[in-house]
K.L.:
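One structure, as structure tokens, below. Some questions next.
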Amino acid sequence: MTGRILRIELRRSPAKWLALLLVLPVLLAATEAGRGLSGLALSQRQLLQFLVAPMALGIAAWQARRDRRSGMVELLGTTVRPRWQRVAPAAAALAVAGIAGMLAGLVGMAGLVFAAGGFLSPAALPVVAVSTLIAVGHAGLGLALGRWLPFPLIPPLLIGYFAVSVIVADTEGYADPPGWLLLWGGLEATMPTELAGVATGTHLGQAVWLLGLTTTAVIAFTATGRRAGAVAIAPVVLAAAIAVPVLPDRYADTFHVDPAATEPVCTPDPPRVCVLRAHQPALPALRDPARAALSILAANLPDPPTAVVEIPFLVDSPVPPRPDTITIPLIVSGTGRRVQPVSGLTSDLRWELLLGAGTPGCPNAPAIGTADRRRYDTARLVTAAWLLGQEPPEPADPADPYLLRRRETVPVYRALLALPPAEQRARVAALRAAELACDGRDRLGLLVGP
Amino acid sequence: MTRRLLLYLRSRRVPAAFATAVVAAAGLWWVGELTDHAEVGRLLAVVAGTVAAGPGLAGPDVELDRTAAIGWPPRRAAHLVAIAVVCVVAAATPAGAPAVIARDAAGMVGLLGLGAVLLGASRSWLPPLIWTLVALTALPRIWPVAPDGAFQVLTWMLQPVESAAAGWTAAVLAIAGLLSYAAAGPRSG
Amino acid sequence: MVRAIGPDETIPTRYGYAVEAERLTVRAGRRLAVDGLELALGYGVHGLLGPNGAGKTTLIRALATVLRPAGGSLTLLGERVDGRLDLRAVRRRIGYLPQEFGYYRRFTVREFLEYLAWLKELPAQDVPGAVQRAIDRIGLSDRADHKLRTLSGGMRRRVGIAQAIVNDPELLLLDEPTAGLDPDQRLQFRALLRELAADTCVVVATHLVEDVAAACTDVLLLDEGQLVFQGTPADLADAGGEGEGDSPAERGYAELIRRHRAGRR
């Protein structure tokens, strides 16, 4: 019989709108499907926490006041079942709708990723599980608030919650965000989302906190007296006490590079061109420019590299160069199929691969924005120009002061060409050796100096 | 005249809404200043004032109001304008950027009026709140290209005062809301 | 459709009167709406008449266990209800229709009645039958699967009556049950009351003196929280003189109230 009542509630209450609302982030994030399931899951989490959760709270608060709105309070007071049994079907309908909506969203996301050929990362599953807890927890919180607060206070409350979300919990406002901000439920990745793995402690901490919040909300919603409402505080306090130590101390410690996402996926035949697992739809886009670059280097260098391997684009942990392989970080588009270089010096992949004669740049290079850095970048760009036999082009955005202009690069190029051919090859090889060794010598001087 | 005005304000529960708006505006301004997000704090203060005033756009019995002998359009228009003025004062008093606040208040109150005409006074606060919510959270995340005209229109409340697209959007919303609410009044039910 | 009768229903009742009240006092707000009432009601239809503010609704609410008595004793269906906290057993056997009947707008008639039957802890296998029977008795069989918000006021009132009888209560409390019903529906309602009189104690609070005169076996007249008159409708008509009123019952009513108020001064 309770099952029948639950079905009635699912049909007639706003639970179905909650389920629909939960599928919304999937649709909004669909343009990112090529970047893999974990990226979608993290985007869904952000949209859920900051956009959908306040709405779920509002819907649940509206549902909680149904008896009062319908004028049924007196009649319901004369029935037999105690309050918690009476309100259980409506609350359960919200929970079922929440879980069903998230499951549908997960299936939808997996389908979109599969269709785009992206990486179905298992790291996404705990993210979606905790996201489900967020959805259900906010519905529960809405029920409790709707029960105890008069309805005119609910919209200002939503604004207040929303304000705290956007103002306080927004990690971009902090230089070094503390770990307890994770209690708010968001996961703002500090690295490209498709490569990000989330620490287990974060999942556990958020899950414990949300379970405590949901328990408190359920007790507050089903309580019949104010004293029972006071007891309701206990679970959430306990959950906070357990969760905060479990969460990482610093927000940034939440994210590490996911090893499954950064496994290389390579072409079956030589020369080897590899991309990261998370970027596997982009392999065709990299393969042809990579092989062209390798053959150019083989024609011009005594000891050329024989493979091209993508490395994760991490600002904080640069990878030392390797003599036998061109290592290159990449930015991949939302569909997964288009690739962009990251250096900012060029928009063409072949040019990017040939910068500095197939080197990724040194960690001890001069800081960006300094004059020394411009000399460094000019040397690398001119090397690529020499290898391709073309003058360095004008930058894509002429208004950007940080990009190299032709009036800086073309004279260097011409100066290099003015040298005897054997000397040109020697200079390029010397620049490549310096880049591989990452000593501090002035590259421009090496290339065209005396 | 004053007595009638007081009765009107009480029938629309304006004192409670006013108190909520002031408290919310002060709280949001304070939080915004404290965390260096002053513009967002002020915007949310305006939205809070608008939302609190929403249910007061209709009396307890909309049908009964409609049968009254007095001319409603100028009074309804005055009600909306008064809401906008209160929002501007509440959000701007602690100093800073009155032009942006005036634009945001005008646009939000216009949306409120449209909400009252289309959804009824008790739900009139949904359009301003939801538009702001979506603009602040989802749109910057999913917009595929660099901010252009369409983006500025959709996130008009977040744009700086120089943005012409945002200014025009706010003006259109304000005028549409004012005229439709003054002419048609809130939807019943 | 015939309903199967469980063994506990064939046990003879262990109480004399369905409702017994001694010096019952009930507050409505700060006022003493019911003041020292003495009542003994058995099976039959008892009409509750009285001016506004006489305490009719307060008495009905006290009998429905919505309000707790402030003083005196109240025994419903053989169980004392004025002191105890656990009223669940008694509530299973009571049906109540409030004066302001609220409903879930989006539910259909059938769903609403099933929901209330579930709330009254009717056994699961009995619910569909009981709901159908209640729907048939109030004459809404063709509208059973329409949403409540599509029904007229009178039909919703009948749904309210249906939810009160869905659990076949031994004590049925109806506050203004004929509000919004057209004359034909009122006749059908009176027939329903007469049918129920045999095995149920029905208390009907109403302003419509004609309904009381036609359908009730017993009339209770309340004024200012006190019982002014208890007797058959014929006795009520006999009490009337030449005063105002368009029917014998109304004249009797007016006369009794006048006498009571004169006596109090």
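Quick note on labels: first sequence line is chain A, next is B, and so on, each numbered from 1.
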K.L.:
Can A/R81 be said to sit on top of C/W118's aromatic six-ring, NZ or CZ under 6.0 Å from centre and within 45° of the ring axis?
P.N.:
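Output yes; distance and angle both within limits.
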
K.L.:
Between C/Q163 and chain A, with a heavy-atom cut-off of 4.5 Å, which part of the residue counts as in contact: side chain, backbone, both or neither?
P.N.:
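For C/Q163, the side chain is the part near chain A, not the backbone.
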
K.L.:
Salt-bridge test for C/R133 and C/D168: reply yes if a basic N is under 4.0 Å from a carboxylate O, no otherwise.
P.N.:
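C/D168 and C/R133: salt-bridged.
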
K.L.:
Would you kindly say whether A/S131 and A/R45 are connected by a side-chain donor-acceptor distance under 3.5 Å?
P.N.:
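Indeed, the side chains of A/S131 and A/R45 share at least one donor-acceptor pair under 3.5 Å.
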
K.L.:
For the ring-ring contact (aromatic ring centres under 6.0 Å, His included) test, which of A/F50, A/Y161, A/F162 pairs with A/W184?
P.N.:
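The passing option is A/Y161.
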
K.L.:
Where does C/R105 contact chain A at under 4.5 Å (heavy atoms): side chain, backbone, both or neither?
P.N.:
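Answer is neither: C/R105 stays 4.5 Å or more from chain A.
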
K.L.:
Taking A/R83 for its side chain and A/F221 for its backbone only, find out whether a donor-acceptor pair lies under 3.5 Å.
P.N.:
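Side chain of A/R83 to backbone of A/F221, a donor-acceptor pair under 3.5 Å: yes, one is there.
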
K.L.:
Heavy-atom distances under 4.5 Å only: say whether C/Y115 touches chain A with side chain, backbone, both or neither.
P.N.:
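For C/Y115, heavy atoms of backbone and side chain both lie under 4.5 Å from chain A.
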
K.L.:
Of the backbone (N, CA, C, O) and the side chain (C-beta and beyond), which part of A/T2 lies under 4.5 Å from a heavy atom of chain C, both, or neither?
P.N.:
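Interface part for A/T2: both.
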
K.L.:
Report yes if some heavy atom in the side chain of C/L39 is under 4.5 Å from a heavy atom in the side chain of C/L59; otherwise report no.
P.N.:
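C/L39 vs C/L59: side chains touch.
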
K.L.:
Considering non-hydrogen atoms only, spot the tightest contact between A/A41 and A/V128 and give its length.
P.N.:
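Heavy-atom minimum between the residues: CB-CG2, 4.0 Å.
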
K.L.:
Roughly how far, to the nearest 0.5 Å, is CD1 of A/I134 from OG1 of A/T214?
P.N.:
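That separation rounds to 10.0 Å.
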
K.L.:
Using a cut-off of under 4.5 Å on heavy-atom pairs, state which of C/P123, C/G95, C/A117, C/A124 scores highest against chain A.
P.N.:
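Sorted descending by pairs with chain A, the first entry is C/A124.
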
K.L.:
Can you pull out the residues in residues 56-75 of chain A with any heavy atom less than 4.5 Å from chain C?
P.N.:
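Within residues 56-75 of chain A, near chain C: A/W62, A/R66, A/D67, A/S70, A/G71, A/M72, A/E74, A/L75.
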
K.L.:
For C/L116, which atoms come within 4.5 Å of any heavy atom of chain A: side chain, backbone, both, or neither?
P.N.:
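Contact with chain A: side chain only.
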
K.L.:
Are side-chain N/O atoms of C/Q132 and C/R137 paired as donor and acceptor at under 3.5 Å?
P.N.:
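On atom types as modelled, these side chains do not qualify, holding no pair under 3.5 Å.
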
K.L.:
Determine whether C/S73 and C/D82 satisfy the following criterion, side-chain hydrogen bond (donor to acceptor under 3.5 Å, both in side chains), listing intermediate values before the conclusion.
P.N.:
CA-CA 6 Å; C/S73 82; C/D82 45 280; 4.9 Å; no

K.L.:
Name the option with the most non-hydrogen atom pairs under 4.5 Å to chain A; the candidates are C/K147, C/R106, C/Q125.
P.N.:
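Maximum pair count with chain A is reached by C/R106.
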
K.L.:
Does any backbone or side-chain atom of C/E100 lie under 4.5 Å from a heavy atom of chain A? Answer side chain, backbone, both or neither.
P.N.:
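Only the backbone of C/E100 comes within 4.5 Å of chain A.
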
